[in-house]
Amino acid sequence: MVKIDLVTATVKAPGQQIRRINDLAAEAVRLSRRLPAMARFDGVMATFWGDGDYYVQQPLMDEMVREAERALGVRLPSALLDLLRIQNGGIVASDHDAFPTSQPTSWSEDHVPFDSLMGIGRRDGMTSLLDTPYLVEEWGMPAPLVLLSGDGHYWIGLDYRTCGRDGEPSVTWFETDLATEFILAGDFCSFVEGLIAGSTYGDGSAGGSVLA
């Protein structure tokens with residue numbers, strides 16, 4: 001619960017006092033709307049990572065973040081960095097390994113997979129966020145993007161085309177074989193909050209082509 005001390009709003013002019021109280025009330029409403037979203041993200045963050053060391057890079061340091069942002073030419077979302085500071089890439093826990101969709105893809109009629117999240121690093125034999133420039137060129141994808149997860153035929157990535165390289169990117173689904181794409185969430189935090197268990201759909205998030 002957000003508390004605002006209205007005593008601090010007292011000023012000499014009555015009109016100024018009223019405006020100050022209104023400003024404080026508006027700020028309280030704004031903060032109260034933000035706090036539940038952060039609580040949901042914090043809840044997912046605590047149980048986000050699954051077992052295993054696949055895709056796991058060395059522990060994330062601030063200098064690694066700065067080098068990655070220079071190499072990728074974008075500002076990475078703070079919510080993404082919060083997750084990567086807990087574990088720098090890896091398998092996503094089964095409670096959070098799918099994202100519901102309102103339109104069908106070649107994967108499923110109503111969801112897409114998110115069973116891993118790439119980290120930041122150069123560990124041998126493991127793809128990372130730093131491989132995005134090569135992968136974007138290899139699969140003929142638009143830029144600027146930062147790829148988060150995928151297998152080449154599909155990708156989930158941070159899409160900076162609308163917000164610019166310093167903005168808050170949307171999270172977008174790309175199918176390279178079909179040359180199709182659509183936005184999953186307006187930002188990474190909202191995307192994480194929307195993740196659910198693939199088993200919800202009764203297929204273990206195993207997927208399967210539904211489009212001709």
Side-chain angles (χ1 to χ4, degrees), residues 38 40-62 64-65 67-69 71-72 74-101 105 107-108 111-136 139 141 144-160 168-176 181-200 204-207:
M38 289 306 297
R40 288 195 300 271
F41 177 79
D42 289 345
V44 175
M45 185 168 63
T47 59
F48 180 82
W49 295 109
D51 297 329
D53 59 1
Y54 188 67
Y55 274 136
V56 180
Q57 303 285 339
Q58 297 297 319
L60 188 64
M61 308 297 288
D62 290 345
M64 294 167 66
V65 174
E67 291 178 359
E69 291 183 328
L72 297 169
V74 299
R75 182 179 61 82
L76 296 171
S78 59
L80 171 62
L81 297 177
D82 287 343
L83 284 175
L84 296 183
R85 287 190 172 102
I86 296 175
Q87 178 176 299
N88 192 7
I91 302 299
V92 175
S94 59
D95 285 344
H96 314 296
D97 64 356
F99 191 87
T101 63
T105 68
W107 178 268
S108 171
H111 69 287
V112 295
F114 191 69
D115 53 8
S116 63
L117 171 61
M118 293 188 288
I120 296 172
R122 294 294 188 186
R123 189 172 175 183
D124 289 344
M126 290 190 181
T127 309
S128 88
L129 301 184
L130 300 178
D131 293 303
T132 291
Y134 164 76
L135 294 170
V136 164
W139 291 96
M141 302 175 69
L145 303 177
V146 174
L147 300 179
L148 302 173
S149 183
D151 67 359
H153 303 289
Y154 77 85
W155 294 100
I156 292 174
L158 302 174
D159 189 348
Y160 289 84
E168 189 72 25
S170 60
V171 178
T172 301
W173 166 265
F174 298 91
E175 291 198 66
T176 56
E181 63 178 74
F182 60 85
I183 293 175
L184 297 172
D187 56 75
F188 184 77
C189 184
S190 299
F191 173 74
V192 171
E193 291 176 347
L195 291 170
I196 61 174
S199 59
T200 301
S205 200

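- The only option from Leu84, Asn88, Ile156 that meets the side-chain contact (heavy atoms from CB on, under 4.5 Å) definition with Leu117 turns out to be Leu84.
- Taking CE of Met64 as the reference point, atom CD of Glu69 lies at 12.5 Å (rounded to 0.5 Å).
- Taking each heavy atom of Gly198 and Ala98 in turn, the nearest pair found is CA-CB, 3.7 Å.
- Atoms CZ and OG1, on Arg122 and Thr127 in that order, are 10.5 Å from each other to the nearest 0.5 Å.
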(Q) What verdict does the side chain to side chain contact (heavy atoms under 4.5 Å, CB included) test give for Leu80 and Val146, after you've listed the backbone C-alpha separation in whole Å, the side-chain angles of each residue and the deciding distance to 0.1 Å? (A) CA-CA 11 Å; Leu80 171 62; Val146 174; 5.6 Å; no
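- Ser170 contributes no side-chain N or O that, together with a main-chain N or O of Thr172, makes up a donor-acceptor pair within less than 3.5 Å.
- Note that the CD atom of Glu181 and the CD atom of Glu175 stand 11.0 Å from one another [nearest 0.5 Å].
- Distance CD1/Ile196 to OG/Ser94: 12.0 Å, rounded to 0.5 Å.
- Looking at every heavy atom in both residues, Trp155 comes nearest to Met141 through CD1-SD, 3.4 Å.
- With hydrogens and angles ignored, the 3.5 Å screen pairs a side-chain donor or acceptor of Ser128 with a backbone N or O of Gly121.
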Q) Can you check side chain to side chain contact (heavy atoms under 4.5 Å, CB included) on Leu76 and Phe188, steps first, answer last? A) CA-CA 10 Å; Leu76 296 171; Phe188 184 77; over 6 Å; no
Q) Checking side chain to side chain contact (heavy atoms under 4.5 Å, CB included) for the pair Asp95/Thr47: CA distance, chi angles, key distance, verdict? A) CA-CA 8 Å; Asp95 285 344; Thr47 59; 5.6 Å; no
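- For Asp151, the CG atom is densely surrounded, since the number of other residues' heavy atoms within 6.0 Å is greater than 12.
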Q.
Before you tell me yes or no, could you show the steps for Phe174 and Leu145 under side chain to side chain contact (heavy atoms under 4.5 Å, CB included), namely the whole-Å CA-CA distance, both residues' side-chain angles and the distance that decides it to 0.1 Å?
A. CA-CA 11 Å; Phe174 298 91; Leu145 303 177; 3.7 Å; yes
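- Atom CZ of Phe182 is surrounded by more than 12 heavy atoms from other residues, nucleotides or ligands within 6.0 Å.
- Looking only at distances, a side-chain donor or acceptor of Tyr160 sits under 3.5 Å from a matching main-chain atom of Arg75.
- Annotation: side chain of Ile120 is not in contact with side chain of Gln57 (no heavy-atom distance under 4.5 Å).
- When side chains are defined from C-beta on, Asp131 does not count as touching Met118, because their heavy atoms never get closer than 4.5 Å.
- Across every non-hydrogen atom of Gly150 and Tyr55, the tightest pair is O-OH, 4.3 Å.
- Of the possible donor and acceptor atoms, one in the side chain of Arg123 sits under 3.5 Å from a partner among the backbone N and O of Val56.
- Between atom CG of residue Leu147 and atom CG of residue Leu130 there is a gap of 11.5 Å, rounded to the nearest 0.5 Å.
- The side-chain heavy atoms of Pro113 and Asp97, taken from C-beta on, include no pair separated by under 4.5 Å.
- The shortest side-chain heavy-atom distance between Leu148 and Leu129 falls under the 4.5 Å cut-off.
- Within a 6.0 Å radius of CD in Glu67, other residues, nucleotides and ligands contribute more than 12 heavy atoms.
- A distance-only check finds no donor-acceptor pair linking the side chain of Glu168 to the backbone of Pro77 [under 3.5 Å].
- Using a 4.5 Å cut-off on side-chain heavy atoms (C-beta onward), Val192 and Met45 make no contact.
- Between Gly152 and Thr176, the closest heavy-atom pair is O-OG1, 2.6 Å.
- With respect to Tyr154, the ring pair (Phe, Tyr, Trp, His ring centres under 6.0 Å) criterion is satisfied by exactly one of Phe114, Trp173, Trp139: Trp173.
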